[in-house]
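Here's the structure we're looking at; comments come further down.
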Amino acid sequence: MQNSDNKYYIGVMSGTSLDAIDVTITSFDDSVEIVSSKSFDIPLPIRQSIESLCSPGDNEIHRMSELDNQLAQLFASSINSLIDSLKIDRRRIQAIGSHGQTIRHMPNNKLPYTLQIGNGALISKLTGITTVTDFRRADIAAGGQGAPLVPAFHSSIFSKSTKSRVILNIGGMANITILNNQPSVAISGFDTGPGNILLNEWILLQQNLNYDKDGAWSASQNYDEYLLELMLQDSYFQLPPPKSTGREYFNLSWVKNCIASLNKPVSVSIVQSTLCELTARSICDAISKYAHKTDEVVLCGGGAHNKDLVSRIKTISGLNVISSAEFGIDPDFVEAAAFAWLSKQTLEEIPANIPGVTGADQPVVLGAIYPRSLRDT
Ligand SMILES: Nc1ncnc2c1ncn2[C@@H]1O[C@H](COP(=O)(O)OP(=O)(O)OP(=O)(O)O)[C@@H](O)[C@H]1O
Ligand SMILES: [Mg+2]
């Protein structure tokens, strides 16, 4: 319930799937409470600009800088509309944590880098609220992957239990946080590989649809075991953690290369089924290899709505799989709430990366702060 003393933090997430901008207004006073949340559409021209900047091309600096501002305008108008609909006093909002749009994630480059855009100075100006962005760079500077950053938040919510849990976020990529019920066992986690990304890209190519609703298409066929084995041989799946990945690695070209190596015809619907099995199998393999003591899996991210994918994960793992909704947190807004929480850690100068997860050489305070304009007080 809204309390007149509560302090609020806003989280803004626009992930690799480019499905929507998720905004939450959250308080962390007694426990985590998502006061309000909404997903906002990404207009097609902006989506196309993001997609074209995700791979090398001409005139990148100019295109990126314009998109940086366009995204900030879009984030700010989404935030402002959610605040206005609730009639919350802006002065009670301590910060906006804006993840930004990843256009390149290269943690294993010789000089590692990651790039999330959505101009924090402009968001701060257009909302009148202190804005924290650029959460991943400090971890990369400390030698980490810059990802995943949500495990500390997952731990703050889901770790108080006699059960050993895996928090599984199925966004564009899939990532797990391993929370052992023995406090002496360190928190761990990593990107297991593709989440929704390959399923989305294949159905877009074949049927011009943004996603396979409820996994109806993938469920309509059996998978091809040879294609599956070939895909599972990709070195990313064998790589030990810490590791993170993105759409510059797992994408349509990756799928096409695997099909080309198969050397036999395969129907487009069998490919969709095989991609769904690959996603489920790579997640379950990671859990059985690195979290074999798991009692239950807590599911969040848009992939939680894919019935076929979730059913495959249940069958392969044999584990109890429950939604984060059972803990009062809508699975579609866990990531946005995490960035609201991360902005609080930044303002309080609390390190929020977990070196055992990202591979950083030390805990670091994450994020760049763009203070609200004093004229706006
Ligand atoms: N009913 C549904 N059936 C199948 N898939 C769904 C359904 N609803 C959502 N999805 C999938 O979830 C995706 C969006 O998930 P999400 O918003 O968690 O990903 P994201 O924005 O890439 O986030 P992240 O930063 O975690 O990668 C959609 O693109 C779609 O593939
Ligand atoms: Mg999303």
Side-chain angles (χ1 to χ4, degrees), residues 11-24 37-42 46-47 50-51 54 71 74-75 78 97-103 105 114 116-118 135-136 146-151 153-154 167-177 189-205 207 209-220 244-252 272-273 275-276 279-280 283 298-313 323-325 329-340 342:
V12 186
M13 183 70 208
S14 63
T16 40
S17 302
L18 305 181
D19 59 312
I21 295 163
D22 302 325
V23 183
T24 66
S37 48
K38 192 171 173 188
S39 294
F40 294 84
D41 286 344
I42 305 175
I46 292 196
R47 202 178 143 149
I50 298 168
E51 277 168 343
C54 283
L71 283 170
L74 189 58
F75 295 159
S78 305
S98 176
H99 173 269
Q101 185 66 53
T102 298
I103 54 169
H105 182 65
T114 187
Q116 287 75 42
I117 61 171
F135 286 91
R136 302 191 185 274
L149 296 182
V150 288
F153 174 68
H154 288 160
I167 318 305
L168 168 60
N169 172 51
I170 311 178
M173 303 298 142
N175 59 275
I176 56 171
T177 301
F190 54 93
D191 287 354
T192 59
N196 299 296
I197 192 83
L198 302 180
L199 300 168
N200 287 359
E201 299 250 309
W202 191 249
I203 201 167
L204 182 66
L205 178 73
Q207 300 189 5
L209 295 171
N210 285 333
Y211 66 98
D212 182 7
K213 190 161 178 7
D214 301 336
W217 192 33
S218 62
S220 70
S244 63
T245 188
R247 62 187 300 158
E248 47 288 283
Y249 190 82
F250 287 110
N251 52 35
L252 199 52
Q272 185 75 0
S273 174
L275 291 172
C276 194
T279 306
I283 289 168
V298 180
L299 192 55
C300 57
H305 302 295
N306 184 328
K307 294 193 176 95
D308 184 37
L309 177 59
V310 175
S311 135
R312 290 178 199 240
I313 292 170
S323 165
S324 65
I329 305 192
D330 183 331
D332 289 325
F333 293 98
V334 173
E335 292 272 298
F339 281 88
L342 284 166

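Both counts, for ligands and for their atoms, begin at 1 and track the order of listing.
Of all the listed residues (W217, F333, Y211, F339), Y211 holds the heavy atom that lies closest to atom 30 (C) of ligand 1.
When heavy-atom distances to ligand 1 are checked against a 4.0 Å cut-off, H305 comes that close through both its backbone and its side chain. Heavy atoms of N200 found under 4.0 angstrom from ligand 1 belong exclusively to the side chain. At a heavy-atom cutoff of 4.0 Å, ligand 1 is contacted by no atom of H99, backbone or side chain. Of all the heavy atoms of D19, the ones lying under 4.0 Å from any atom of ligand 1 belong exclusively to the side chain. Contact annotation: for I170 versus ligand 1, heavy atoms closer than 4.0 Å belong to the backbone alone.
The closest protein non-hydrogen atom to atom 25 (O) of ligand 1 is M13 CE, 3.1 Å. With hydrogens left out, the protein atom closest to atom 20 (P) of ligand 1 is S17 OG, 3.5 Å, a heavy atom. Among protein heavy atoms, the minimum distance from atom 4 (C) of ligand 1 is reached at D212 O, 3.2 Å. Among protein heavy atoms, atom 13 (C) of ligand 1 sits closest to N196 ND2, 3.5 Å. Here the heavy atom of the protein found nearest to atom 1 (N) of ligand 1 is D214 OD1, 3.2 Å. Nearest protein heavy-atom neighbour of atom 23 (O) of ligand 1: G15 CA, 3.7 Å. In terms of protein heavy atoms, atom 27 (O) of ligand 1 is closest to G172 N, 2.9 Å.
Screening S273, S220, S218 against D308 for a side chain to side chain contact (heavy atoms under 4.5 Å, CB included) leaves a single residue, S218. Checking I313, I176, N306 one by one against I170, the side chain to side chain contact (heavy atoms under 4.5 Å, CB included) holds for a single residue, I313. Remark: of the listed residues H99, Q116, Q101, Q101 is the sole one forming a side chain to side chain donor-acceptor pair (under 3.5 Å) with S14.
In terms of heavy atoms, L309 sits closest to G303 at CD2-O, 4.3 Å. Closest heavy-atom contact between V150 and N175: CG2-ND2, 3.7 Å. Between E335 and N169, the closest heavy-atom pair is OE2-ND2, 3.2 Å. A pairwise comparison of heavy atoms in F75 and S98 identifies CD1-OG, 3.7 Å as the closest pair. For A336 against D22, the heavy-atom pair with the smallest separation is CB-O, 3.7 Å. For the residue pair W217 and Q207, the shortest heavy atom distance occurs at CE2-NE2, 3.1 Å.
Among heteroatoms of the N, O or S kind in D19, OD1 lies nearest the Mg ion (ligand 2).
If you check the side chains of S17 and N196, you find no donor sitting under 3.5 Å from an acceptor.
Judged by distance alone, the side chain of R247 and the main-chain N or O of T16 form a donor-acceptor pair under 3.5 Å.
Under a 4.0 Å criterion applied to the non-hydrogen atoms of G303, ligand 1 contributes the atoms 12 (O). Shown in contact with G301 at under 4.0 Å from a heavy atom are these atoms of ligand 1, numbered in order with element: 18 (O). Of all atoms in ligand 1, listed by their number and element, those nearer than 4.0 Å to a heavy atom of K213 are 3 (N).
Among the atoms of T16, some N or O lies under 3.5 angstrom from an N or O of ligand 1. Inclusion of N169 in the set of residues having an N or O under 3.5 Å from an N or O of ligand 1 is warranted. In terms of polar-atom proximity, G302 is counted as a contact of ligand 1, with an N or O under 3.5 Å from an N or O of the ligand.
At most 12 non-hydrogen atoms from other residues, nucleotides or ligands lie less than 6.0 angstrom from CG of D41.
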Residues V23, F40; criterion side-chain contact (heavy atoms from CB on, under 4.5 Å); working and verdict: CA-CA 8 Å; V23 183; F40 294 84; 3.8 Å; yes
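When distances to the Mg ion (ligand 2) are checked against a cut-off of 2.8 Å, D332 contributes no N, O or S atom below that limit.
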